[in-house]
Undergrad: 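Below you will find the structure I want to go over with you.
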Amino acid sequence: MACRVSYPEILMLRVRFAPSPTGYLHIGGARTFIFNWLYARRNGGTMVLRIDDTDVERNTQASENSIFEGLNWLDLGWDDFCRQSDRRHVHQQAAEAILERGMAYRDFTPASSTEEEHSHDGGPWLCNPGMRELSRSESDRRAGAGEPFVLRFRVPRESRSEVVVKDLVYGRVTKSTSDLEDFALLRSTGVPTYHMASCADDADLRISHILRGQEHLANTFKHVLIFEALDAPMPQFAHLPLLMAPDGSKLSKRKHGPVVSVTTYRDAGFLPHAFINFLCLLGWSPKDNREVMSRQELIDAFTLENVNHSNAVVNFTDDDPFDPKAVWLNAEHIRSLDLDGLAAKLVPFAEAAGFETNFGKMRQIAPLIQERIKLLRDVSTAADFFFREELPPYDPNELIPQKGDRAMALTVLQTACDIVSTAEFTHDALEAALKSGAEKLKIKTGQMYLPVRVAVCGRKIAPPLFSTLEVLGRETTLQRVARAIKMLKS
RNA sequence: GGCGCUAUCGUCUAACGGUUAGGACGGAGCCCUCUCAAGGCUCAAAUACGGGUUCGAUUCCCGUUAGCGCUACCA
């Protein structure tokens, strides 16, 4: 009894991610998935995705869809799949086995008497009086007569003083058996509880390492007891620090809404890689000051020893749902994308914003905005003037350069109009032509470029001018410069 | 209430018991520059509190405080 069998090192390492479809996939869940995946890849193991859908009341199809949507977007994949609702017989048998071994008992106390549990001063509630001591024959008789009962684990408080968990992250954690209540295995409806179903499945699926949120650390003492009662090899446990909201509360789907949903990040134009990179840095670090890391670098660097023990807060606000560091990491990853890849990713975002475009056009635009956007959706604000037939109205005063006036703007644009209608439409030729235009007018180059920029982009803040003109083409440029001139004159 | 876990700049995090407590994001400033970015440089910013142990404590121990979790026939 003292020395439990655990999974031999040679055996295949198996991890699992077991979300319950009671809400959309949130970033905490995503991080648990990622850490499991990383651990499996790093150690040549297998990753199982198990949908823990035993809570029929709260399960929704929408939640399950959201989980798959999020997971698929992450683009990490899994090796094996199952759902708990298909495995009721496993849980049922496990519960019966524990009852047969005398390590569980039937509790016929009606469910209504739950409120008075809180009135226990000092110590914890341990069990309902009388039920633990019911003889087996009496118990069988009442059950046979159809009396409803809860199956409870008989915590061995007499034979054992404490339960020990050897956690790969938190180390040795113990709990006194006198602080552990006789927890439920089967509800009075016969449906197994989370603890029962989860452990029975983990044992049956031969999960060797359980990496999950720290909220389960306190549950693990119960789980250890169940694995022992099942006479199953003991998996290794590793608990992960929790993700918190800026106000210190635990991240929750209900309280924090879509800001914590994985699909929110996807829809805003995060690169899955950047998102993964960000999440990895919450509660874990490679300890060598690296931050921007590729998937392979993460796999190579990931160890449980480097997982922190304290919770991490995701720094979002009411105004901005995204942690600035996540945004920065995304910008970093966007910059390291090749232009073809970036263009391809940008197209759907431009289309979603209502612009008509295609890969060829986007491929021209991509280099101009690559280091100017932080999220893929920014394409709609950073490059809108490339897509629009006609520029939205803007203030003609914007056309007036620094230390210049309306007259200067007009002269500049008229000069530019001539240049643009004859010059070769390449970056270098346009630069040379506009530069000499400035010289001729005896003004600074900046004073020359600004009116043109505003004329073709509709604003002062835009990508570099000559490349922009090159992409826009002579026709459009001429049209927009002419319109600017008209606006200045009126 | 009981039990468990945790505590370094605003946030994410480094630091064999010996460092001017490091890096990153964000902020401020400067440089570069056709605007905006990107890039380069600089600055501000932290060991929760109180006791020990030690020549020496961010680091080890105890206490306090605070936060989180578990304490359900939720997961």
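Each chain gets a letter, A, B and so on, in the order its sequence line appears, and its residues count up from 1.
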Undergrad: For residues 274-286 of chain A, which side-chain donor-acceptor pairs fall under 3.5 Å, sequence neighbours excluded?
TA:
{"unit_1": "A:Asn277", "atom_1": "OD1", "unit_2": "A:Met293", "atom_2": "N", "d": "2.9"}
{"unit_1": "A:Asn277", "atom_1": "OD1", "unit_2": "A:His333", "atom_2": "NE2", "d": "3.4"}
{"unit_1": "A:Asn277", "atom_1": "ND2", "unit_2": "A:Glu291", "atom_2": "O", "d": "2.9"}
{"unit_1": "A:Trp284", "atom_1": "NE1", "unit_2": "A:Thr303", "atom_2": "O", "d": "3.4"}
{"unit_1": "A:Ser285", "atom_1": "OG", "unit_2": "A:Lys287", "atom_2": "N", "d": "3.0"}

Undergrad: Could you give the CZ-to-P distance, from A:Phe183 to B:A72, as a whole number of Å?
TA: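 For the pair A:Phe183 CZ and B:A72 P, the rounded distance is 12 Å.
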Undergrad: Tell me the interatomic distance from A:Phe278, atom CZ, to B:U11, atom P, rounded to whole angstroms.
TA: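 Going from A:Phe278 (CZ) to B:U11 (P), I get 14 Å.
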Undergrad: I'd like to check the salt bridge (charged side-chain N to carboxylate O under 4.0 Å, His left out) partners of A:Arg106; sequence neighbours left out, ordered by chain and number.
TA: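 A:Asp140.
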Undergrad: Do A:Tyr194 and A:His216 have their ring centres less than 6.0 Å from each other?
TA: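 Ring centroids of A:Tyr194 and A:His216 are less than 6.0 Å from each other.
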Undergrad: Regarding A:Gly283, tell me which of base, sugar-phosphate or nothing describes its non-hydrogen contacts under 4.0 Å with the strands shown.
TA: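 Answer is sugar-phosphate: A:Gly283 comes under 4.0 Å of backbone atoms only.
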Undergrad: Would you list the pairs meeting salt bridge (Lys or Arg N to Asp or Glu O under 4.0 Å) in which at least one residue belongs to residues 327-336 of chain A, sequence neighbours left out?
TA: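 Applying salt bridge (Lys or Arg N to Asp or Glu O under 4.0 Å) to every pair that reaches into residues 327-336 of chain A, excluding sequence neighbours, yields A:Glu332-A:Arg335.
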Undergrad: Quick check for you: among B:U13, B:C12, B:G23, whose closest atom lies nearest to any side-chain atom of A:Ser285?
TA: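 For A:Ser285, the side-chain atoms sit closest to B:U13.
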Undergrad: Sequence neighbours excluded, which residues qualify as side-chain hydrogen bond (donor to acceptor under 3.5 Å, both in side chains) partners of A:Thr445?
TA: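 Applying side-chain hydrogen bond (donor to acceptor under 3.5 Å, both in side chains) to A:Thr445 gives none.
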Undergrad: Can you tell me whether the side chain of A:Lys250 and the base of B:C68 have a donor-acceptor pair closer than 3.5 Å?
TA: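 Per atom types, no contact qualifies.
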Undergrad: Applying a 4.0 Å non-hydrogen cut-off, can you work out what A:Asp179 is touching in the nucleic acid: base, sugar-phosphate, or nothing?
TA: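 If one applies the 4.0 Å heavy-atom cut-off, A:Asp179 turns out to touch the sugar-phosphate alone, with no base involved.
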Undergrad: Applying side-chain hydrogen bond (donor to acceptor under 3.5 Å, both in side chains), can you list everything that pairs with A:Arg480, at least two apart in sequence or on another chain?
TA: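 Residues passing side-chain hydrogen bond (donor to acceptor under 3.5 Å, both in side chains) with A:Arg480: none at all.
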Undergrad: For A:Thr22, report the nucleic acid contact type (base, sugar-phosphate, nothing); a contact means any heavy atom under 4.0 Å.
TA: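 It contacts nothing in the nucleic acid.
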Undergrad: Heavy atoms under 4.0 Å, any strand shown: does A:Glu291 hit a base, just sugar-phosphate, or nothing?
TA: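 Base: the residue A:Glu291, judged by heavy atoms under 4.0 Å, touches a nucleobase.
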Undergrad: Report each atom pair, protein N/O against N/O of nucleotides 5-7 of chain B, whose distance is under 3.5 angstrom.
TA:
{"unit_1": "B:C5", "atom_1": "O2'", "unit_2": "A:Gln214", "atom_2": "NE2", "d": "2.8"}
{"unit_1": "B:U6", "atom_1": "OP1", "unit_2": "A:His309", "atom_2": "ND1", "d": "3.2"}

Undergrad: Using a heavy-atom cut-off of under 4.0 Å over every strand shown, decide if A:Asn308 touches base, sugar-phosphate, or nothing.
TA: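 Sugar-phosphate only.
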Undergrad: In residues 52-63 of chain A, which ones come under 4.0 Å of RNA chain B, going by heavy atoms?
TA: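 Those residues whose heavy atoms fall under 4.0 Å from RNA chain B, taken from residues 52-63 of chain A in numerical order, are A:Asp52, A:Thr54, A:Asp55, A:Arg58.
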Undergrad: In whole Å, what separates the C1' atom of B:A45 from that of B:C25?
TA: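 The answer is 13 Å between these two C1' atoms.
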Undergrad: Can you name the residues that form a salt bridge (charged side-chain N to carboxylate O under 4.0 Å, His left out) with A:Lys175, not counting sequence neighbours?
TA: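 Here no residue qualifies.
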Undergrad: Going 5' to 3' along nucleotides 33-42 of chain B, which nucleotides have protein heavy atoms under 4.0 Å from the base (write B), which only from the sugar-phosphate (write S), and which from neither (write -)?
TA: -BBBBSS---
Undergrad: Whole angstroms only, please: what is the NZ-P distance between A:Lys175 and B:G69?
TA: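 Result: 15 Å.
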Undergrad: Would you kindly give the CE-to-C1' distance between A:Met131 and B:C73, to the nearest whole Å?
TA: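 The distance from CE of A:Met131 to C1' of B:C73 comes to 14 Å, rounded to the nearest Å.
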Undergrad: Provide, to the nearest angstrom, the distance between the CG atom belonging to A:Asn289 and the C1' atom belonging to B:A21.
TA: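 Result: 13 Å.
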Undergrad: Counting N and O atoms only, with roles assigned by atom type, does the side chain of A:Asn330 sit under 3.5 Å from a partner on the main chain of A:Leu271, one being a donor and the other an acceptor?
TA: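 Looks like yes, one N/O pair under 3.5 Å.
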Undergrad: Please list all pairs passing the side chain to side chain donor-acceptor pair (under 3.5 Å) test where one or both residues lie in residues 448-466 of chain A, with sequence neighbours left out.
TA: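 Of all non-adjacent pairs touching residues 448-466 of chain A, those that pass side chain to side chain donor-acceptor pair (under 3.5 Å) are A:Asp384-A:Arg459.
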Undergrad: Scan the side chains in residues 462-472 of chain A for donor-acceptor partners under 3.5 Å anywhere in the protein, sequence neighbours excluded, and list what turns up.
TA:
{"unit_1": "A:Thr468", "atom_1": "OG1", "unit_2": "A:Pro464", "atom_2": "O", "d": "2.6"}
{"unit_1": "A:Glu470", "atom_1": "OE1", "unit_2": "A:His427", "atom_2": "N", "d": "3.4"}

Undergrad: Taking salt bridge (charged side-chain N to carboxylate O under 4.0 Å, His left out) as the definition, give me every residue that meets it alongside A:Arg31, ordered by chain and number, with sequence neighbours left out.
TA: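 Per chain and number, A:Arg31 pairs via salt bridge (charged side-chain N to carboxylate O under 4.0 Å, His left out) with no residue.
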